[in-house]
Amino acid sequence: MTISTKYQPKEAEDKWYSYWMEHKFFRSVPDEREPYTIVIPPPNVTGVLHMGHMLNNTIQDVLIRRARMKGKNACWVPGTDHASIATEARVVAMLKEKGINKNDIGREAYMEYAWEWRHKYGGIILEQLKKLGASCDWDRTRFTMDEDMSEAVYDTFIHLYKKGWIYRGVRMVNWDPQGKTAVSDEEVIRKEVNQKLYYIRYQVVTSEFLVVSKNSNTHHSPLNTDYLIIATTRPETIMADTAICINPNDERYKHLHGKKAFIPLINKEIPIILDDYVDMEFGTGCLKVTPAHDLNDYELGLKHNLPVVDILNDDGTLNEKAQILVGEDRFAARKKIVPLLEEAGALEKIEDYKSQIGFSERTDAVIEPKLSMQWFCDMNEMAKPALDSVLKGDIKFIPDKFINTYRYWMENVEDWCISRQLWWGQQIPAWYLPDGQYVVAKTREEAFCQAKSLKSQISNLKSEDLTQDEDVLDTWFSSWLWPISVFDGFKDPNNEDINYYYPTNDLVTAPEILFFWVARMIMAGHEFRGQAPFRNVYLTGIVRDKIGRKMSKSLGNSPDPLDLIDKYGADGVRIGMLRSSPAGNDLMFDEEHCVWGRNFANKIWNAFRLVKGWQVDDALPNTNETAIEWFASRFSEALAEIESNFSQYRVSEALMSTYKLVWDDFCAWYLEMIKPDYQKPIDRETYDTTVAFFEDILTILHPFMPFITEELWHDEEIFGKRADLDCCIVAKMPEIGAIDTQLLKQTELVKEVIAGVRNIRQEKQLSPKEPLELRIKANSSIDYKQFKGIIARTANISDLQLVSEKLNDATSFRVANDELYVPLAINVDKDAEKERLEKEKEYLLGFLRSVEAKLGNERFVANAKPEVVEMEQKKKADALSKLQIIDHSLAGLAG
RNA sequence: GGGAGUUUAGCUCAGCUGGUUCAGAGCAUCUGCCUUACAAGCAGAGGGUCACUGGUUCGAACCCAGUAACUCCCACCA
């Protein structure tokens with residue numbers, strides 16, 4: 001036996017993953033078994049594996065492997081998301097390096113580049129998932145821009161348009177000046193930023209002057225000194241002001257009612273309007289109204305019929321409507337306008353100020369509220385069944401604390417801006433006639449047919465006169481269909497796959513995309529299939545570093561998952577991540593967790609080496625019945641725990657139960673109990689039973705640690721030659737067997753006996769190699785004869801005898817009501833012995849007092865459950881008899 | 001501003017129905033062991049005002065109220 005003392009994961013991982021793939025173990029096709037389905041949250045096609053993916057996909061793999069081993073038809077559908085903004089940003093950057101501008105080469109050529117890029121770099125992440133051991137049905141791999149998937153997007157767009165839930169209109173949207181596209185509310189990340197609050201003077205126009213100025217085309221500097229001060233964080237937008245607003249109840253400004261004021265620098269007249277929207281307490285109580293560049297101001301503008309002056313270009317630079325600083329970027333303009341205002345005497349003061357600013361999720365650019373023509377989806381109707389299914393419990397959230405936030409969002413759902421000013425994605429299936437009318441259709445031909453039947457004044461309309469909308473749809477507009485579209489539920493709504501796999505079982509994802517994605521999938525599920533898309537939503541936490549920061553590329557605090565797998569093995573990393581990550585809780589990641597995982601794999605490896613090294617002698621009798629019976633019971637007990645943990649999605653707990661069973665019960669106790677002496681053979685029955693136990697252990701470990709378990713499963717020396725396709729990955733999960741609780745309890749006490757002997761060794765500095773004698777004066781119901789062999793082996797006892805009298809010349813300890821004596825060659829230190837007994841006595845007396853206090857309390861006896869009272873009485877009796885024993889021993893020492 | 005969550009050993013976290021096993025696990029620390037499966041290991045030990053203050057209860061880490069700190073989500077205060 002020259003097998004390494006360390007488990008070497010690398011070889012096993014490559015070997016078994018290819019083996020599983022070759023033999024199609026991940027493949028699922030509908031059959032008579034019960035399905036168990038997970039659709040992967042499709043990662044960005046541009047993405048690389050990060051720690052969040054690791055956690056998320058490990059959980060999915062554990063669930064799917066477990067289901068497979070429980071006899072279900074397990075199907076895990078993988079795929080990627082086209083991530084329009086992120087991918088477009090990458091491709092544009094790539095082209096820029098080549099000196100190519102997207103707009104110069106046009107849409108078609110651009111898309112060719114983009115696809116080329118996608119084929120080259122896209123899907124790396126899926127290859128990385130394989131290293132983790134993800135048992136996805138790779139034959140089902142989908143991409144949200146696959147032809148079928150895109151068809152589904154067009155069909156659903158048309159469907160919703162016909163229902164009147166998709167419409168086009170000019171709205172205030174979140175504009176990303178870097179991506180030059182609109183983004184949805186959900187894609188705006190608010191962050192607190194240190195800013196400046198600029199106090200700017202606006203001259204008030206006197207009524208006499210007003211007349212003059214009305215008749216004059218030229219702007220005059222106002223002559224009077226009456227002015228008001230407005231606080232703003234965005235001085236560069238003053239040119240877009242169309243009013244000043246004050247609270248009608250504000251006594252300070254009563255004299256300004258009905259007047260007008262001049263915008264500084266450009267000296268444009270704007271009205272002073274009244275609205276109690278204005279907070280008198282904030283700033284100066286005067287608000288500049290800039291309808292084009294602020295959502296609230298826009299609403300205020302609508303209410304008061306104010307004109308809209310948009311002074312910004314799509315890229316965030318100032319346009320000619322600004323009159324000054326034209327062409328400057330909005331932030332440059334902000335800096336440059338300050339000295340201008342100062343010069344003009346219009347700057348009162350500048351204060352530091354903190355406020356929340358929106359950033360684009362994808363490009364991190366500061367979001368600009370901008371009026372533009374966009375497509376929207378009204379989700380009010382779809383939200384109703386989606387909310388119901390969660391409130392009724394048809395869909396469960398794990399943990400359920402997310403129901404509240406979900407509910408709030410669904411009850412206040414806003415229209416979804418679904419158009420993006422990008423090319424990478426599904427182009428909106430709307431077609432414009434030369435006169436600006438439009439029709440919605442999947443193809444030019446269909447659009448043309450519809451266009452002809454419009455009450456259009458256009459005669460001789462030709463198909464090529466139609467132009468398709470330039471914009472594409474939000475990526476989430478394809479991913480919300482994912483659980484249906486991966487099974488071709490749109491193309492062929494009655495096909496075998498969708499009927500069999502839908503609704504899926506579990507969805508494992510991050511709470512961050514609960515609204516982005518999960519809520520919308522639920523809506524789509526009800527709208528397009530009349531049924532929720534999944535039953536359980538397991539929400540993972542965020543992976544943070546050990547000082548609590550979110551792991552991110554920019555902070556550089558995220559380890560490369562592949563490096564970790566390299567260092568600790570995929571199994572080690574998997575269980576390292578799972579160890580302390582209950583659903584919904586953030587995970588403070590520390591490489592130490594992976595070390596722990598690796599060590600556990602190594603422990604299993606070495607336990608295996610031990611068993612592998614044994615020689616069997618068929619002539620030997622089995623002397624290990626008790627150990628075997630005990631472990632069988634313990635195994636069933638643990639299995640029940642694991643089952644219960646899984647049924648509540650306590651994956652970390654299930655792992656810990658498994659870990660304890662394997663390390664503590666199997667390795668530290670069971671194997672030590674039955675281990676034959678060095679170079680002595682083992683009996684057949686014990687050996688075979690142990691091998692069977694080992695097989696069961698591999699089975700329950702497999703979902704967590706697929707590689708090492710599969711590797712050991714195929715050891716011919718131990719398990720014999722396996723039949724074709726007899727693999728751990730499809731092994732049947734063991735059933736919970738009989739649990740002998742009496743035996744379990746007794747064994748726990750016997751362990752205390754063993755620990756007691758070990759303690760004495762420790763105290764007396766005796767080598768574990770030196771055998772000791774043990775005398776037991778048994779008063780409890782423990783059948784020591786039954787455990788004799790176990791105690792002898794694990795505590796290295798050469799001679800164990802039951803006695804009826806206590807021993808005086810021995811070190812003693814007590815377990816349950818039994819007295820245990822270890823006669824020692826050296827003299828027993830009577831003082832030390834006495835001291836120990838006194839200490840024990842003191843503790844027992846204190847304990848007894850508290851129990852008696854309870855029992856003496858009438859209300860306790862009257863109100864507590866009878867079994868609790870009974871327990872207390874038993875505790876009291878136990879304590880009393882122990883005290884008696886101790887007193888007896890003390891008396892013996894004295895004499 | 002609204003809502004949710006967290007607070008238990010030096011660190012990361014369990015503790016599920018209030019009551020044996022309730023104050024736990026792993027890591028870290030300390031002590032002793034290169035004991036023939038494993039030093040990535042073995043045998044032990046120390047370490048706690050269960051955030052704080054009240055309340056309910058025969059009984060509270062657990063239920064209730066309040067306080068504090070931290071975290072997250074949502075929200076338009078210029």
Side-chain angles (χ1 to χ4, degrees), chain A residues 1 3 5-7 185 190 197 230-234 245 277-279 281-290 294-300 353 355-356 358 369 399 401-402 404-405 408-409 412 511-512 514-515 541-542 544 546 548 568 572 579-582 584-590 592-593 595-596 598-614 644-645 648 650 652-653 656 659-660 667-668 671-672 675 677-679 745 748 755 758-759 761-763 765 767-769 796 853-854 857-865 867-872 874-875 878:
Chain A
M1 188 185 69
I3 170 171
T5 63
K6 305 264 188 287
Y7 167 57
D185 292 344
R190 290 183 186 279
L197 198 53
I230 291 172
T232 178
T233 54
R234 302 201 59 190
C245 190
Y277 161 78
V278 177
D279 180 353
E281 306 298 314
F282 189 87
T284 58
C286 300
L287 172 71
K288 75 191 211 37
V289 186
T290 321
D294 185 281
L295 179 58
N296 300 302
D297 291 9
Y298 176 66
E299 309 269 329
L300 207 55
Y353 183 68
S355 75
Q356 300 267 326
K401 67 177 177 188
F402 288 104
N404 280 341
T405 39
Y408 180 82
W409 196 74
N412 297 280
E512 303 159 301
L514 192 59
F515 307 131
I542 294 166
R544 299 177 178 279
K546 45 177 167 179
Y568 305 105
R579 215 186 113 196
S580 66
S581 54
N585 277 19
D586 288 357
L587 168 70
M588 301 292 171
F589 183 79
D590 187 335
E592 284 301 315
H593 294 257
V595 173
W596 170 85
R598 179 200 61 181
N599 291 356
F600 185 41
N602 202 46
K603 186 73 185 177
I604 298 163
W605 179 255
N606 277 294
F608 200 79
R609 282 179 63 228
L610 174 68
V611 177
K612 206 170 150 74
W614 288 340
S644 145
N645 284 326
Q648 299 166 77
R650 297 163 177 263
S652 304
E653 297 280 302
M656 285 317 283
Y659 167 84
K660 277 186 179 142
C667 295
L671 289 178
E672 292 300 331
K675 188 157 103 179
D677 289 339
Y678 182 52
Q679 291 195 332
K745 263 187 207 161
E748 285 313 301
R758 286 174 178 168
N759 261 323
R761 266 187 217 283
Q762 184 89 6
E763 263 172 43
Q765 304 273 337
S767 158
K769 282 181 188 168
N796 193 12
K854 253 191 207 176
N857 184 335
E858 275 171 40
R859 289 198 288 176
F860 169 72
V861 181
N863 293 322
K865 280 180 279 182
E867 57 267 32
V868 173
V869 177
E870 206 176 302
M871 191 58 63
E872 291 301 314
K874 189 168 175 293
K875 275 166 63 185
D878 285 352

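Remark: B/rG66 base-pairs with B/rC52. Criterion, Watson-Crick or G-U wobble with two distances under 3.5 Å. Pair check for B/rG1 finds B/rC74; Watson-Crick or G-U wobble, both atom distances under 3.5 Å. Partner assigned to B/rC42 is B/rG32, using Watson-Crick or G-U wobble distances below 3.5 angstrom. For B/rG19, the paired nucleotide is B/rC58, the pair qualifying as Watson-Crick or G-U wobble because both relevant distances are below 3.5 Å.
Contact record, A/Thr5 with A/Asn602: O-OD1, 3.5 Å, taken as the closest heavy-atom pair.
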Taking only N/O atoms, report every protein-nucleotides 38-44 of chain B pair under 3.5 Å with atom names and distance.
residue	atom	partner	partner atom	Å
B/rC38	O4'	A/Asn606	OD1	3.0
B/rC38	O4'	A/Asn606	ND2	3.4
B/rC38	O2'	A/Asn606	ND2	3.3
B/rC38	O2	A/Lys603	NZ	2.9
B/rC38	N3	A/Lys603	NZ	2.8
B/rA40	O4'	A/Asn599	OD1	3.2
B/rA40	O2'	A/Asn602	ND2	3.2
B/rA40	N3	A/Arg598	NE	3.2
B/rA40	N3	A/Asn599	OD1	3.4
B/rG41	OP1	A/Asn599	ND2	3.2
B/rG41	O3'	A/Lys603	NZ	3.2
B/rC42	OP1	A/Lys603	NZ	2.9
B/rC42	OP1	A/Trp663	NE1	2.7

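Nucleotides B/rC13 and B/rU8 are separated by 9 Å at their P atoms, to the nearest Å. When the P atom is compared between B/rG18 and B/rC62, the two are found 11 Å apart, to the nearest whole Å. B/rG55 and B/rC16 have their P atoms separated by 25 Å, with the value rounded to a whole Å. Between B/rU57 and B/rA75, the two C1' atoms lie 41 Å apart (nearest whole Å).
Within the structure, a side-chain polar atom (N or O) of A/Tyr353 is placed less than 4.0 Å from OP1 or OP2 of B/rA78.
One interatomic measurement links the two molecules: CD1 of A/Ile542 to P of B/rC72, which rounds to 8 Å at whole-angstrom precision. Taking atom CZ of residue A/Arg761 and atom C1' of nucleotide B/rU35, one finds them 10 Å apart after rounding to whole Å.
Considering only the side chain of A/Lys401, B/rG5 comes nearest among B/rA75, B/rA78, B/rG5.
Between the CG atom in A/Leu587 and the CD1 atom in A/Ile542 there is a gap of 11.0 Å [rounded to 0.5 Å].
The number of heavy atoms from other shown groups lying within 6.0 Å of CD (A/Glu867) is above 12.
In this structure, A/Phe282 and A/Tyr353 have perpendicular ring planes: the angle between them is above 60°, well past the 30° mark.
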